[in-house]
Amino acid sequence: MIRIILVALAFIVVTLLLLPLQLIGLAFEPRLQRMIPHLYHRILCALIGVRIREVGRRSTGAPALILSNHVSWLDICVITALAPVVFVAKSEVAGWPVLGWLARLQRTIFINRKARHQTGAATGEIASRLLAGDAVVLFAEGTSSDGIHVLPFRSSLVGAVHHALGSSTHHTHVTVQPMSVAYVGFSGVPMGRGLRERVAWYGDADLIPHLLNVLSSGAVDVTVSWGEATAYDMSTDRKAIARDAEKSVRRMTAAALRAAAPVPSSTPAALGQFPRAEPA
């Protein structure tokens, strides 16, 4: 309980210190509005005890759409700690206490997944962010999972690739890169099936108890793997893009889970240098 209180107090202090800078960035400076969340989540990962191992490298191509699996609310902290990105989230998230407010400050794109007639508007919003220079992360499964099995990728919002190219006079390709998030250790113990629900947040699990459980753990080890980035043009079918990314994420997730080795305690956390491994 003492750890949870200390982490919560530190979270409040960091939020209050960086909030004015983010508001200034939102009003006047695009680079600042991207970098403040990046710094913020690096600090949060350090406070929570998240230890990140990267496999592969993030592409520098732009516009950039990143297609990822989704395991937990913690994915947001992990991914943003590695790169300045914006996320696509279900519209309900905007109404969540505190987390919804933070998501809005990070310029999250909110969509109504249940209203299929709004898909065009959603892909248009994603496309506009891509063309404005944002790297957009889409959790292509459409929901979170147990972190062991990668669910089928939905292709409807991948149509933002074509929407962006159709709206631009300067771009002929959009770079799509698959990314895998795999939690491999918890409290210094390799994460088998028995521990997986301590980190994976899916199904009917309540958010607050799950969040407190993670905060009290002291250490979460996660492997983030970057797949091969591909530049797609207007001729590529969105279903093919989603299918190829899904295969890549399945492979990378399986490889990370097979390794199932926690990052050594000496590994620098979010405020230091993240260790990097080259893909096999």
Side-chain angles (χ1 to χ4, degrees), residues 15 22 25-26 33-34 36-38 40-41 44-45 50 63-147 150-161 163-164 176-181 183 199-208 210-211 214 222 224 238 242 245-246 249:
T15 302
Q22 180 64 1
L26 290 173
Q33 66 186 231
R34 296 183 180 114
I36 291 300
H38 179 46
Y40 180 69
H41 286 286
L44 289 188
C45 281
V50 177
L65 177 65
I66 300 168
L67 301 183
S68 175
N69 63 320
H70 189 23
V71 183
S72 172
W73 55 268
L74 193 55
D75 298 350
I76 307 298
C77 293
V78 170
I79 297 170
T80 314
L82 295 178
V85 298
V86 297
F87 292 88
V88 180
K90 60 183 180 181
S91 56
E92 292 87 343
V93 173
W96 290 358
V98 182
L99 295 182
W101 174 67
L102 291 174
R104 288 193 294 271
L105 284 174
Q106 195 171 341
R107 302 166 52 246
T108 297
I109 304 167
F110 296 107
I111 62 168
N112 186 349
R113 290 186 179 271
K114 297 179 180 179
R116 293 191 175 184
H117 64 280
Q118 295 183 11
T119 299
T123 57
E125 176 64 16
I126 297 171
S128 67
R129 295 295 187 87
L130 291 171
L131 296 177
D134 287 309
V136 178
V137 175
L138 174 62
F139 293 123
E141 296 164 298
T143 186
S144 55
S145 70
D146 62 5
V150 175
L151 303 177
F153 277 17
R154 301 181 180 183
S155 65
S156 57
L157 295 181
V158 179
V161 169
H163 204 133
V176 177
Q177 184 169 23
M179 177 181 65
S180 161
V181 179
Y183 294 90
V199 175
W201 181 58
Y202 65 104
D204 297 326
D206 292 329
L207 176 60
I208 299 303
H210 189 274
L211 187 151
V214 171
V222 56
V224 175
R238 61 179 172 81
E246 179 188 328
V249 172

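Quick caveat: nothing in here was measured; it's all calculated off a predicted structure.
Side-chain contact between Leu130 and Leu65 is present, with at least one heavy-atom pair separated by less than 4.5 Å. Side-chain contact between Val224 and Ile79 is absent, with no heavy atoms from C-beta onward closer than 4.5 Å. Within the 4.5 Å cutoff, the side chain of Trp201 has no heavy atoms near those of the Val214 side chain. Leu105 has its side chain within reach of Leu26: a pair of non-hydrogen atoms, C-beta onward, lies under 4.5 Å apart. Counting only heavy atoms from C-beta outward, the side chains of Val78 and Tyr183 approach each other to under 4.5 Å.
Scored by the side chain to side chain donor-acceptor pair (under 3.5 Å) test, Ser156 finds no partners at all (sequence neighbours excluded). Under the side-chain contact (heavy atoms from CB on, under 4.5 Å) criterion, Leu151 pairs with Glu141, Thr143, Ser145, sequence neighbours left out. Qualifying ring pair (Phe, Tyr, Trp, His ring centres under 6.0 Å) partners for Phe110, counting only residues two or more places apart in sequence or in other chains: none. Partners of Phe139 by ring pair (Phe, Tyr, Trp, His ring centres under 6.0 Å), not counting sequence neighbours, listed by chain and number: His70, Phe87. For Trp101, there are no side chain to side chain donor-acceptor pair (under 3.5 Å) partners, not counting sequence neighbours. Residues satisfying the salt bridge (charged side-chain N to carboxylate O under 4.0 Å, His left out) criterion with Arg238, sequence neighbours excluded, are absent altogether. Residues passing the side chain to side chain donor-acceptor pair (under 3.5 Å) test with Ser180, sequence neighbours excluded: Thr253. Residues forming a side-chain contact (heavy atoms from CB on, under 4.5 Å) with His163 (at least two apart in sequence, or on another chain): Thr123, Ala127, Ser167. Qualifying side chain to side chain donor-acceptor pair (under 3.5 Å) partners for Thr15, counting only residues two or more places apart in sequence or in other chains: Tyr40.
Within the structure, salt bridge (Lys or Arg N to Asp or Glu O under 4.0 Å) contacts touching residues 122-139 (residues at least two apart or in different chains) are Arg34-Asp134, Arg107-Asp134, Glu125-Arg129. Counting only residues at least two apart or on different chains, no salt bridge (Lys or Arg N to Asp or Glu O under 4.0 Å) pair has a member in residues 77-96.
Between the side chain of Gln22 and the backbone N or O of Ile36, no donor-acceptor pair lies under 3.5 Å. Without hydrogens or angle criteria, His210 side chain to Ala200 main chain gives a donor-acceptor distance under 3.5 Å. Distance alone, capped at 3.5 Å, places no donor-acceptor pair between the Thr80 side chain and the Pro37 backbone.
One finds the CD1 atom of Ile109 at 6.5 Å from the OG atom of Ser128 (value rounded to the nearest 0.5 Å). Once rounded to the nearest 0.5 Å, the distance linking CG of Leu157 with CD1 of Ile126 reads 4.5 Å. Taking CD1 of Ile76 as the reference point, atom CD of Gln106 lies at 7.0 Å (rounded to 0.5 Å). The line from CG of Leu102 to OG1 of Thr108 is 9.5 Å long, rounded to the nearest 0.5 Å. Of the inter-residue distances, the one linking Leu99 atom CG with Trp73 atom CH2 reads 8.0 Å to the nearest 0.5 angstrom. Remark: Leu67 CG to Arg154 CZ distance equals 14.0 Å, nearest 0.5 Å.
Considering all non-hydrogen atoms of both residues, Cys45 and Ala81 come closest at SG-CB, 3.9 Å. When all heavy atoms are compared, the tightest approach of Ala135 to Ile66 is CB-CD1, 4.5 Å.
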